Student: 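Next up is a structure, given as structure tokens.
This is a predicted model, so every value here is computed, not measured. Here is the naming used below: chain letters follow the sequence lines, and residue numbers restart at 1 for every chain.
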2 protein chains.
Amino acid sequence: MAAPGRGVTIADVAARAGVAASTVSYVLSGKRSISPDTARRVMEAVAELGYHPHAGARSLASRRSGVLAMMLPLRDGMHLPVLMQFASGAVTEARRQDQDVLLMTADEGPAGLARVAASAMVDGLILMDVEVRDPRVEALRRLGLPSVLIGFPADAEGLTCVDLDFTAAGQVCADYLVERGCRDIALLGASEAVYERRTGFAERVREGFLGRSGPGAAVWPCPDDPISVQRTVKELPAANPDLTGLAVHNEPAVGHVMHALADAGKRVGEDFHVVVIGPDEVAERVHPQLPSVLVPAETLAEIAVRHLMRKLDGLDVPAATLVEPQLTAR
Amino acid sequence: MAAPGRGVTIADVAARAGVAASTVSYVLSGKRSISPDTARRVMEAVAELGYHPHAGARSLASRRSGVLAMMLPLRDGMHLPVLMQFASGAVTEARRQDQDVLLMTADEGPAGLARVAASAMVDGLILMDVEVRDPRVEALRRLGLPSVLIGFPADAEGLTCVDLDFTAAGQVCADYLVERGCRDIALLGASEAVYERRTGFAERVREGFLGRSGPGAAVWPCPDDPISVQRTVKELPAANPDLTGLAVHNEPAVGHVMHALADAGKRVGEDFHVVVIGPDEVAERVHPQLPSVLVPAETLAEIAVRHLMRKLDGLDVPAATLVEPQLTAR
DNA sequence: CATCGTCATCGAAGCGCTTCGACGGCGGAG
DNA sequence: CTCCGCCGTCGAAGCGCTTCGATGACGATG
């Protein structure tokens with residue numbers, strides 16, 4: 001009793017329930033019909049002994065490990081809390097489907113994919129923060145490991161991708177500002193680095209935003225330290241005196257933007273409008289609170305896991321899933 | 001060639017190298033001496049075929065899965081970026097030791113521990129954000145699953161724990177402020193909830209801080225929204241007019257604190273001093289930049305993984321490891 | 001009453017790996 | 001020159017599970 005559950009095998013359960021090991025297996029998997037009476041005795045034995053199937057043995061015999069890999073990068077300019085939301089959303093949904101999640105880092109690169117695929121350590125893979133040209137994508141195709149991407153690479157042929165519709169998000173923000181009567185509007189984005197890496201979502205927000213705004217609209221990449229933000233916000237009116245609306249797609253910078261605007265004498269919500277693309281807390285933690293379009297990290301992760309599970313079960317799933325952005329007015 | 005590496009078994013490697021399967025195994029594990037010539041042929045075959053051992057088979061036969069679990073909470077008041085640093089630090093170090101990391105959430109609780117332990121899915125466990133009274137700790141003891149805690153529960157008997165020396169961190173902050181000539185000092189902490197949950201580190205910072213400061217010192221719990229921060233900062237001088245030094249142990253609030261102090265006419269770095277316990281970025285992203293004591297998440301995670309691996313190898317490790325805090329002046 | 005299905009269950013054969021004991025071949029000691 | 005011991009290698013026996021085919025038992029059918 002020192003370590004209950006340790007070393008309990010299916011044979012122990014079978015003996016206890018007075019059946020064959022294979023019968024226990026069938027009760028547990030439901031792959032053959034079993035009399036209710038036998039099933040009950042088996043389940044009781046399982047509970048009494050605290051039996052949990054040996055993961056390795058199971059995966060060896062059934063060619064299913066019950067583990068999903070999540071490969072997520074920790075690159076410069078990524079907003080860590082959002083990544084954590086993705087991770088937690090994925091784990092939660094995976095557990096609901098009796099799967100576990102292995103955390104991989106992006107810098108293992110394609111070799112890491114080959115490793116987990118060949119070792120049959122995981123059944124499928126969720127790839128995060130996909131870049132427009134991503135070396136992992138090619139490896140993925142080659143390996144034939146079931147996978148779902150969060151984000152869209154340039155060539156999504158044959159892949160399953162899920163993401164927020166960032167183009168629509170850019171549009172929603174532009175529309176919001178225009179409806180508020182803003183004359184000219186601008187998008188204050190993430191630092192240059194994010195655009196240079198050609199991270200898909202940043203580009204798409206820009207396109208969506210510009211597509212809905214007048215000829216005076218501009219996009220300003222901006223690092224998130226207070227000095228840079230202050231400087232950028234100061235430059236805005238100089239570049240365009242008619243600017244009265246700003247969309248901010250740079251989570252950590254939002255607070256600084258608000259202070260810079262206050263310093264510049266803008267009264268946000270009155271003669272100047274700001275809308276945020278980012279987590280609710282960011283938009284709620286400034287004064288005044290701002291309208292925002294949320295990146296629904298948990299929802300995206302959940303969809304990704306569900307799609308992946310369907311693929312593992314041989315069902316088919318839409319190649320591209322775009323989640324509609326919601327603008328929360330505040 | 002459509003899916004190279006798929007289905008390559010140790011027998012394939014053995015055939016290719018002209019040896020027995022067991023020999024391949026010994027080459028790979030180094031558990032018996034092998035002639036250099038044979039070893040070379042085997043390694044070549046491994047490389048040519050892209051062989052990776054089947055994880056399930058390996059764990060079944062060797063009773064080692066090569067996977068470590070990391071159970072980390074996503075509770076209110078936790079600073080997500082720091083958690084992500086822990087996770088990434090652990091994954092990085094684990095990979096260095098040829099291990100993978102399974103991500104578990106705290107809300108699976110003790111049952112989750114029983115599951116992974118009994119299924120032999122993981123070899124060991126790292127438990128994060130340990131509370132003073134944590135139900136998982138008891139389960140851990142009972143299961144006998146090798147583990148390392150990041151944080152200290154009330155009863156650490158028989159456990160291996162690693163953490164920043166938060167008591168010392170509190171002391172360092174108090175000392176810093178006193179040395180700067182501050183008359184009275186205060187600690188602005190996290191929201192009440194964190195203290196109520198009796199999260200170990202918050203309490204220890206407080207004790208360390210109070211232990212080194214004069215009788216006028218005070219601790220102010222504080223939520224991290226701008227309104228609450230503004231209010232709390234306004235109350236400080238009312239409660240103690242001689243207050244000229246503040247330690248902030250609440251990452252997201254730092255920016256707001258600085259603005260509130262500016263509004264109150266304090267000139268930080270001159271007639272008023274502030275020190276931060278938190279990530280470097282937080283202290284660097286305000287103006288003026290602040291001195292800070294870092295929570296070395298990656299280092300802690302790295303130590304935890306290393307200790308865990310030593311335990312798995314039957315070596316012994318110190319029961320308690322406290323990392324000395326470093327104050328970075330800026 | 002003999003025959004045929006169906007249902008519930010069993011036994012055995014692997015899944016791919018590690019590990020143990022065994023066994024040739026070789027060099028050094030006697 | 002023989003014997004012993006060691007080194008390098010092999011074959012076989014599992015690890016705990018799933019799954020396939022086989023087998024009784026039993027009710028329905030002709």
Side-chain angles (χ1 to χ4, degrees), chain A residues 5-43 45-46 49-67 98 115-123, chain B residues 5-43 45-46 49-67 98 115-121 123 312:
Chain A
R6 253 297 186 212
V8 178
T9 76
I10 199 170
D12 300 328
V13 176
R16 175 98 172 201
V19 299
S22 52
T23 301
V24 174
S25 179
Y26 286 124
V27 170
L28 261 23
S29 71
K31 293 193 179 172
R32 281 198 186 176
S33 62
I34 295 285
S35 72
D37 184 55
T38 306
R40 189 186 44 71
R41 289 206 325 278
V42 168
M43 293 313 287
V46 165
L49 298 176
Y51 169 72
H52 290 270
H54 186 288
R58 188 207 277 273
S59 102
L60 181 54
S62 71
R63 340 211 103 247
R64 271 269 210 146
S65 68
V67 179
D98 253 298
R115 182 174 62 85
V116 293
S119 68
M121 175 171 272
V122 304
D123 299 331
Chain B
R6 255 297 187 211
V8 177
T9 75
I10 199 170
D12 299 329
V13 175
R16 174 99 173 201
V19 298
S22 52
T23 301
V24 174
S25 179
Y26 286 123
V27 170
L28 260 24
S29 70
K31 293 193 179 172
R32 282 198 185 177
S33 61
I34 295 286
S35 73
D37 184 55
T38 305
R40 188 186 45 72
R41 287 204 330 276
V42 168
M43 293 313 287
V46 165
L49 298 176
Y51 169 71
H52 290 270
H54 186 289
R58 188 207 276 274
S59 102
L60 181 55
S62 72
R63 342 211 101 246
R64 272 268 209 145
S65 68
V67 179
D98 253 298
R115 181 174 62 85
V116 294
S119 68
M121 175 172 272
D123 299 330
L312 294 181

Student: Can any side-chain N or O of A/Ser65 pair as donor or acceptor with the backbone N or O of A/Ser59 at less than 3.5 Å?
Tutor: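 Pair absent, no side-chain N/O of A/Ser65 close to backbone of A/Ser59.
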Student: Return the CG to CZ distance between A/Asp98 and B/Arg115, rounded to the nearest 0.5 Å.
Tutor: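 Nearest 0.5 Å value for the CG-CZ distance: 7.5 Å.
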Student: With a 4.5 Å limit on heavy-atom distance, are the side chains of B/Leu28 and B/Tyr51 in contact?
Tutor: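 Side chain of B/Leu28 against side chain of B/Tyr51, heavy atoms only: contact under 4.5 Å found.
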Student: Output the rounded distance in Å from NE2 (A/His52) to C1' (D/dC17).
Tutor: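 It is 16 Å, rounded to the nearest whole Å.
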Student: Compare every heavy atom of B/Gly18 with every heavy atom of B/Arg41, then report the nearest pair and how far apart it is.
Tutor: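 For B/Arg41 and B/Gly18, the tightest heavy-atom pair comes out as NH2-O, 4.0 Å.
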Student: Could you state the atom-to-atom distance from CE of B/Met121 to C1' of D/dC17 in whole Å?
Tutor: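 Rounded to the whole Å, the gap is 14 Å.
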Student: Give the angle between the helix axes at the two ends of the helix from C/dC1-D/dG30 to C/dG30-D/dC1, taking five base pairs at each end and rounding to 10°.
Tutor: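 Roughly 50°, once rounded to the nearest ten degrees.
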Student: So which atom in B/Pro53 and which in B/Arg58 form the shortest heavy-atom distance, rounded to 0.1 Å?
Tutor: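 Answer, listing the atom of B/Pro53 first, then B/Arg58: CG-NH2, 3.1 Å.
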Student: Taking the side chain as every heavy atom from C-beta outward, state whether B/Arg16 and B/Asp12 have any pair of such atoms under 4.5 Å apart.
Tutor: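 They are not in contact (no side-chain heavy atoms under 4.5 Å apart), so the answer is no.
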Student: Whether B/Arg63 contacts D/dC15 is assessed here as follows: a side-chain N or O lying under 4.0 Å from the phosphate OP1 or OP2. Is that the case?
Tutor: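 No, outside the criterion.
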Student: Looking only at heavy atoms, which two atoms of B/Leu312 and B/Asp123 are closest? And how far apart?
Tutor: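 That closest heavy-atom pairing would be CD2-O, 3.3 Å.
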Student: Looking only at non-hydrogen atoms, find the nearest pair between B/Val24 and B/Val19 and report the distance.
Tutor: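 In terms of heavy atoms, the two residues are closest at CG2-CG2, 3.8 Å.
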Student: Look up atom OG1 in B/Thr23 and atom CZ in B/Arg32, then write down how far apart they are to the nearest 0.5 Å.
Tutor: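 The distance works out to 9.5 Å.
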Student: Just the table, please: protein N/O against nucleotides 23-25 of chain C N/O, every pair under 3.5 Å.
Tutor:
none

Student: Given atom NE2 of A/His54 and atom P of C/dC15, what is their separation to the nearest angstrom?
Tutor: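 Rounding to the nearest Å, NE2 of A/His54 and P of C/dC15 are 19 Å apart.
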Student: By nearest atom, which of the nucleotides C/dC10, C/dT19, D/dG8 is closest to the B/Ser62 side chain?
Tutor: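 Comparing C/dC10, C/dT19, D/dG8 against the side chain of B/Ser62, the answer is C/dT19.
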Student: Can you list, by residue number, the residues of residues 22-37 of chain B that have a non-hydrogen atom closer than 4.0 angstrom to DNA chain C?
Tutor: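 The answer is B/Ser22, B/Ser25, B/Tyr26, B/Lys31, B/Arg32.
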Student: Which whole-number value in Å describes the distance from B/Arg40 CZ to D/dG8 C1'?
Tutor: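 For the pair B/Arg40 CZ and D/dG8 C1', the rounded distance is 16 Å.
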Student: I'd like to know if the side chain of B/Ser119 and the backbone of A/His52 have a donor-acceptor N/O pair within less than 3.5 Å.
Tutor: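 Not confirmed, B/Ser119 side chain does not pair with A/His52 backbone.
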Student: If you assign A/Arg58 and B/Ala39 each to the DNA chain D nucleotide with the nearest heavy atom, which residue ends up on the more 5' nucleotide?
Tutor: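 Whichever sits nearer the 5' end wins; that is B/Ala39.
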Student: Show the nearest heavy-atom pair for residues A/Val27 and A/Met43, with the distance to one decimal.
Tutor: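 Taking every non-hydrogen atom into account, CG1-SD, 3.8 Å.
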Student: Measure the distance from CG on A/Leu60 to C1' on D/dT19 and round it to the nearest whole Å.
Tutor: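 Atom CG in A/Leu60 sits about 13 Å away from atom C1' in D/dT19.
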